[in-house]
Amino acid sequence: MSLKDQNIIIFSQMQFDNALESTNYTMAKHLAKDNKVYYVDRPYTWFDYIKFRKTKGFQTRKAHFFSPDNSLIDTEIPNLKIVISPPVPSINMLPEGKLYRMLVKLNEKIIGNRLNQLIKKLNISNYIYINSYNVAFPSLHKLLKPDLTVYHCVDPLIEPYQTRHGLISEDILVKDVDMVISTSKELSRQKGLLNKNSYFIPNAANISHSQKALDPRLKTAAILDGITKPIIGYFGNIERRIDYQLVKELTVMNPDKSFVFIGPVDSYYIKESDFEGKNLYLKGAVPYEMMPAVLKGFDVAIIPFKKDEVSNHIFPLKLFEYLGSGRPVVSTDFNPDLKDFTADTVWYCANAAEFTEALNASLKDTNALQKKRLAVAADNTWEHRILEIEALLELNLKKKLGQTTVFA
């Protein structure tokens with residue numbers, strides 16, 4: 001089966017120009033190879049509109065906020081358009097209750113009006129609607145007329161701003177859509193309790209991008225200049241998931257190694273003491289385009305996530321990005337399901353002692369081990385995953401419409 005020539009509206013939690021590549025937008029780009037995809041950028045609130053008015057992101061969107069006839073932004077992919085919606089009232093600070101839910105309906109109506117105007121203007125009669133992890137608008141699809149409704153769950157809701165209303169909203173959304181796709185087995189199991197039509201499709205990676213790290217002509221990112229080798233590196237968001245106590249122990253146990261963290265920092269979770277080690281470097285965010293040059297400078301790539309009540313819900317995108325770059329990978333054993341997808345190419349560790357042992361072994365890397373990692377990465381590309389997603393979408397679309405023939 002293959003999904004082709006369909007109209008797909010993806011309403012996402014992630015902005016299209018986010019500093020790091022997201023599962024949401026990556027999926028949109030791949031679906032747009034054979035279908036027309038309209039990626040609804042996460043709506044600005046009025047608070048965002050004021051706070052970010054001097055930023056590049058705001059300027060990119062400025063001409064589109066209040067113009068229904070000019071709500072689309074073209075991308076480098078002809079079939080992929082970004083939809084900018086009007087700002088909506090900021091309501092997340094309100095307590096859960098009738099007032100909050102009434103204002104949710106108001107926000108949904110604002111976005112729904114913009115989308116219905118666009119649908120009418122483009123003469124779109126049939127389309128698939130995918131809510132990609134935006135639980136703040138749980139019933140938006142009811143204001144539209146899609147042929148198939150989908151919830152794409154890419155992570156557990158764990159941040160305080162998410163759980164304040166999101167746990168209730170997500171349940172509303174999951175119960176009401178035609179199907180749910182989750183990126184971890186545990187998420188799929190939980191959503192399956194509310195919607196029997198629940199599927200597990202793990203994250204993948206843009207291997208063609210991360211493999212650039214193998215190019216001998218590529219220069220190592222300048223952000224790593226002056227840092228003593230070997231470099232034990234992390235690339236991604238620096239926030240709640242990281243086990244900062246483990247990181248401290250590792251820096252003390254491995255004074256001969258440099259631990260480098262590159263990515264946007266969530267200051268809500270980080271204390272000054274978290275990055276005080278002499279061999280610990282917090283370098284800030286870099287554009288996603290620089291990822292291969294950064295990974296090239298890593299001697300070992302790490303995922304030092306906490307093992308807690310939500311970590312087995314997480315299937316990190318960076319896992320296959322690391323493998324695709326050819327780097328040795330060491331991780332905590334936060335999600336046992338990961339072993340099913342990485343064979344024996346990744347070290348999964350329970351504590352700092354095991355992690356240190358794995359780091360030392362990884363620094364004795366061989367070409368044969370690197371080839372095994374690259375082979376695993378090649379089996380977990382977005383090209384593979386998108387075929388699974390398309391097959392599920394087509395199967396459920398056919399069932400919903402009561403059709404017995406496969407779409408061309």
Side-chain angles (χ1 to χ4, degrees), residues 8-32 37 39-43 128-138 140-141 149-159 161-163 165-167 169-174 177-192 194-195 197-206 235-237 239-242 263-264 266 288 303 305 308-322 334-335 337-338 341 380-382 384-390 392-393:
I8 303 174
I9 294 176
I10 299 178
F11 183 56
S12 179
Q13 168 61 15
M14 299 302 296
Q15 294 176 325
F16 77 98
D17 52 356
N18 194 50
L20 293 177
E21 189 82 346
S22 68
T23 297
N24 320 61
Y25 192 52
T26 301
M27 178 181 70
K29 290 193 290 187
H30 282 275
L31 285 173
V37 176
Y39 186 87
V40 186
D41 197 57
R42 184 182 75 218
I128 296 170
Y129 171 86
I130 302 175
N131 179 312
S132 192
Y133 196 56
N134 195 329
V135 299
F137 300 78
L140 175 61
H141 58 282
T149 56
V150 184
Y151 176 47
H152 183 217
C153 183
V154 302
D155 262 327
L157 300 174
I158 54 178
E159 305 285 359
Y161 74 89
Q162 294 175 316
T163 58
H165 302 291
L167 297 177
S169 292
E170 187 178 49
D171 283 358
I172 293 171
L173 177 58
V174 169
V177 294
D178 297 315
M179 61 178 289
V180 180
I181 298 174
S182 300
T183 57
S184 81
K185 287 183 180 179
E186 180 58 22
L187 282 173
S188 184
R189 184 194 69 79
Q190 290 186 1
K191 306 315 170 196
L194 300 176
N195 188 323
N197 206 23
S198 181
Y199 303 90
F200 163 54
I201 297 183
N203 276 327
N206 183 356
F235 187 95
N237 292 311
E239 32 78 81
R240 178 199 178 278
R241 304 176 189 197
I242 293 176
D266 187 338
Y288 179 70
I303 307 178
F305 284 177
D308 59 18
E309 69 279 3
V310 296
S311 58
N312 64 333
H313 297 57
I314 300 169
F315 203 110
L317 185 64
K318 66 176 57 59
L319 176 61
F320 297 121
E321 290 176 332
Y322 284 170
F334 63 91
N335 183 348
D337 293 337
L338 300 182
F341 294 86
N380 291 278
T381 64
W382 267 108
H384 282 83
R385 290 289 186 273
I386 214 66
L387 290 175
E388 297 176 50
I389 291 173
E390 287 180 338
L392 283 177
L393 293 176

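Sequential numbering from 1 along the given sequence is applied to the chain's residues.
To the nearest 0.5 Å, the span separating OH on Tyr288 from CZ on Phe235 amounts to 8.0 Å. Interatomic distance, His152 NE2 to Tyr199 OH, rounded to the nearest 0.5 Å: 14.0 Å.
Contact check for Tyr151 versus Glu170: side-chain heavy atoms found under the 4.5 Å cut-off. A 4.5 Å side-chain heavy-atom check between Pro156 and Leu187 finds at least one atom pair inside the cut-off. Between Ile130 and Met27 the shortest side-chain heavy-atom distance falls below 4.5 Å. Taking the side chain as every heavy atom from C-beta outward, Trp382 and Leu317 approach each other to under 4.5 Å. For the pair Asp337 and Asn312, the minimum side-chain heavy-atom distance is 4.5 Å or more. Annotation: side chain of Tyr133 is in contact with side chain of Asp155 (closest heavy-atom distance under 4.5 Å). By the 4.5 Å heavy-atom criterion applied to side chains, Phe334 and Pro316 are counted as neighbours. The closest side-chain heavy-atom distance from Asn24 to Ile10 is not below 4.5 Å.
The shortest heavy-atom contact between Ser169 and Pro138 is O-CB, 3.4 Å. What you find for Asp178 and Asn197 is that their closest heavy atoms are O-ND2, 2.9 Å. Closest approach of His313 and Glu309 over heavy atoms only: CE1-O, 3.8 Å. Residues Phe320 and Asn203 come closest through the heavy atom pair CE1-O, 3.4 Å. Closest non-hydrogen pair, Asn195 versus Met179, comes out as ND2-N, 4.3 Å.
A salt bridge links Glu388 with Arg385: at least one charged nitrogen is closer than 4.0 Å to a carboxylate oxygen.
The only option from Val135, Leu157, Leu167 that meets the side-chain contact (heavy atoms from CB on, under 4.5 Å) definition with Gln162 turns out to be Leu157.
For the residue pair Tyr39 and Ser12, a side-chain donor N or O sits within less than 3.5 Å of a side-chain acceptor on the partner.
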| query | Step by step, would you call Lys318 with Glu321 a salt bridge (Lys or Arg N to Asp or Glu O under 4.0 Å)? | reply | CA-CA 5 Å; Lys318 66 176 57 59; Glu321 290 176 332; over 6 Å; no

